Amino acid sequence: LKRGADAARGDDTSTLKDLVATWINEHFHPPSLLKSDDKHARGFVHDVCGKLLCPSEWNWDDNRVKAGIRDRTSDYIVSENSWPLFLYENYTVKLDNLEQGLFKSKILVQAFKAVFTSPSSAREADRDGDGADILENNRRARRQLNQVKVKTCVASIINMRKVTPRSLAYVVCQVRFALSNISSWRTVDANFDYEVFWSNVVDFFENVPGPVTQQRVNHLLEWWTRY
C-alpha cells in the first residue's frame with residue numbers, strides 16, 4: 001500500500017512539475033520562462049515563483065523582503081506557518097483579512113482538477129471563480145479516449161463526491177513543491193516542513209474555533225465541490 005501511495009504521489013508530482021511551468025508561463029509571461037523539465041530555476045530565485053511562494057503577510061515587491069527571503073536572513077525565514085500567496089484568489093491578499101480569497105486561486109483549482117479528474121480538465125478553470133461541477137468533470141473525462149484515461153478516473157476510483165480538507169491539503173503541498181526549486185520530494189525544505197504545512201491546511205478546515213468560522217469553512221468546501 002505504501003509503495004502504491006508513493007508511486008501515485010510521484011506521478012502527481014511529475015505531472016504538476018510540467019503543468020505548473022506551463023500555467024506560470026501562460027498566465028504571468030515571465031521574462032525567464034520556466035522549463036517543464038527543470039526545477040533549478042524555480043523557487044525564490046525566480047521572480048514569479050518567488051512571489052507565489054512568498055508568505056502572504058510580506059510584500060515580495062519590496063526589495064528588502066525579496067533579498068531577505070533569498071538570503072534567508074533571520075527576519076525573513078519562510079516556514080510552514082504562513083499562507084503563501086499562491087493560495088489566494090487573483091494572487092492578492094488583504095492584510096486586514098488574511099482569510100479573504102484563501103484557497104481560491106486559479107493555480108490551485110487547476111492542480112486539483114489535474115490530479116483528481118484529468119490534466120485536460122484543468123483547462124476548464126479559465127478564470128478564478130468560474131468552474132464546473134467536479135462530478136460532471138469526471139463524466140466528461142471518462143468519455144475521453146486518450147492516453148490520460150487512467151488518470152481521469154481517480155476521483156471515481158476513490159468515490160470522491162465532494163472535495164475534502166485532506167484532498168485539498170494534498171494538492172496544496174503538491175503545488176508548493178512544484179513552485180519550489182527542489183528536484184526530489186523531501187519532507188523538509190530549508191525551514192519549511194511539508195508535513196506540518198499539510199496539517200495546518202487540514203486544521204484550517206477541521207479544527208475551527210466556532211460556529212461562524214465553521215459556516216465559512218463549509219461554504220468554502222461547497223465552493224470547491226461546485227468546481
Side-chain angles (χ1 to χ4, degrees), residues 13-14 16-112 114 122 125 127-129 168-201 204:
T13 299
S14 178
L16 289 178
K17 180 181 75 171
D18 296 343
L19 289 176
V20 165
T22 299
W23 298 335
I24 294 295
N25 292 338
E26 290 178 349
H27 185 74
F28 293 96
H29 306 289
S32 177
L33 295 177
L34 294 181
K35 297 179 180 179
S36 61
D37 60 348
D38 181 22
K39 289 199 67 186
H40 293 95
R42 304 188 193 188
F44 292 109
V45 299
H46 190 275
D47 202 50
V48 174
C49 291
K51 183 181 182 71
L52 296 178
L53 290 169
C54 183
S56 56
E57 62 267 29
W58 297 340
N59 180 11
W60 176 256
D61 294 327
D62 185 330
N63 287 330
R64 292 173 300 176
V65 172
K66 190 179 301 185
I69 291 176
R70 287 174 171 170
D71 295 338
R72 294 176 61 186
T73 62
S74 58
D75 289 335
Y76 295 103
I77 297 296
V78 177
S79 77
E80 66 281 350
N81 294 316
S82 294
W83 299 126
L85 195 64
F86 77 81
L87 296 177
Y88 285 86
E89 187 175 18
N90 297 321
Y91 313 113
T92 57
V93 63
K94 292 188 67 175
L95 293 179
D96 59 346
N97 184 2
L98 291 178
E99 288 190 17
Q100 184 171 320
L102 183 61
F103 299 115
K104 283 189 171 184
S105 70
K106 178 178 179 179
I107 197 171
L108 200 55
V109 172
Q110 288 177 306
F112 196 96
R127 65 183 186 272
D128 292 284
L168 187 55
Y170 172 75
V171 174
V172 166
C173 289
Q174 284 281 3
V175 173
R176 206 274 176 187
F177 179 78
L179 290 168
S180 77
N181 63 350
I182 303 302
S183 58
S184 59
W185 183 268
R186 64 184 67 168
T187 302
V188 178
D189 172 9
N191 296 98
F192 191 95
D193 189 313
Y194 278 95
E195 288 186 353
V196 178
F197 187 52
W198 182 90
S199 296
N200 288 344
V201 176
F204 176 87

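Not measured: the values here are computed from a predicted model.
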**Student:** Where do Phe44 and Arg72 land on the side chain to side chain contact (heavy atoms under 4.5 Å, CB included) test, with the steps shown first?
**Tutor:** CA-CA 10 Å; Phe44 292 109; Arg72 294 176 61 186; over 6 Å; no

**Student:** Glu99 and Phe204: side chain to side chain contact (heavy atoms under 4.5 Å, CB included), yes or no, with the steps?
**Tutor:** CA-CA 10 Å; Glu99 288 190 17; Phe204 176 87; 3.9 Å; yes

**Student:** Does Trp60 form a side chain to side chain contact (heavy atoms under 4.5 Å, CB included) with Asp47? I'd like the steps, not just the answer.
**Tutor:** CA-CA 9 Å; Trp60 176 256; Asp47 202 50; 3.1 Å; yes

**Student:** From Lys66 NZ over to Asn59 CG, what is the distance, rounded to the nearest 0.5 angstrom?
**Tutor:** 9.5 Å

**Student:** Going by side-chain contact (heavy atoms from CB on, under 4.5 Å), Leu179 matches just one of Leu34, Leu16, Val20. Which one?
**Tutor:** Val20

**Student:** I need the Phe192 CZ to Thr187 OG1 distance, nearest 0.5 Å.
**Tutor:** 11.5 Å

**Student:** Hey, is the main chain of Tyr88 close enough, under 3.5 Å, to the side chain of Thr92 for a donor-acceptor pair?
**Tutor:** no

**Student:** Does one side chain, of Asn200 or Trp83, offer a donor that lies under 3.5 Å from an acceptor on the other?
**Tutor:** no

**Student:** Quick one: do Phe177 and Asp189 satisfy side chain to side chain contact (heavy atoms under 4.5 Å, CB included)? Show the steps, please.
**Tutor:** CA-CA 9 Å; Phe177 179 78; Asp189 172 9; over 6 Å; no

**Student:** Does any N or O in the side chain of Ser36 come within less than 3.5 Å of the main-chain N or O of Ala21, such that one atom is a donor and the other an acceptor?
**Tutor:** no

**Student:** Measure across Phe197 and Cys173 and return the closest heavy-atom pair with its distance rounded to 0.1 Å.
**Tutor:** CD2-SG, 4.0 Å

**Student:** Looking at Asp193, is its backbone amide N or carbonyl O close enough to the side chain of Glu80 to form a donor-acceptor pair, meaning the two atoms are under 3.5 Å apart?
**Tutor:** yes

**Student:** Check Trp58 against Ile77 and note the closest heavy-atom contact, atom names and distance.
**Tutor:** CH2-O, 3.5 Å

**Student:** Between the main-chain N or O of Leu85 and the side-chain N or O of Lys51, is there a donor-acceptor pair closer than 3.5 Å?
**Tutor:** no

**Student:** Between Pro84 and Leu52, which heavy-atom pair has the shortest distance, and what is it?
**Tutor:** CB-O, 3.6 Å

**Student:** Got a donor-acceptor contact below 3.5 angstrom from the Asp62 side chain to the Arg64 backbone?
**Tutor:** yes

**Student:** In Å, rounded to the nearest 0.5 Å, how long is the span from OG of Ser105 to CZ of Phe112?
**Tutor:** 12.5 Å

**Student:** I'd like to know if the side chain of Arg42 and the backbone of Lys35 have a donor-acceptor N/O pair within less than 3.5 Å.
**Tutor:** yes

**Student:** Hey, could you give me the SG/OH distance between Cys54 and Tyr91, rounded to the nearest 0.5 Å?
**Tutor:** 15.0 Å

**Student:** Which value, rounded to the nearest 0.5 Å, describes the distance between Leu53 atom CG and Asn181 atom CG?
**Tutor:** 9.0 Å

**Student:** Taking the six-membered ring where the residue is Trp, are the ring centres of His46 and Phe28 under 6.0 Å apart?
**Tutor:** no

**Student:** Measure the OH-OG distance between Tyr194 and Ser199 for me, rounded to the nearest 0.5 Å.
**Tutor:** 14.5 Å

**Student:** Does some side-chain heavy atom of Val172 sit less than 4.5 Å from a side-chain heavy atom of Phe86?
**Tutor:** yes

**Student:** Considering residues, nucleotides and ligands other than Glu195, do more than 12 of their heavy atoms fall under 6.0 Å from its CD?
**Tutor:** no

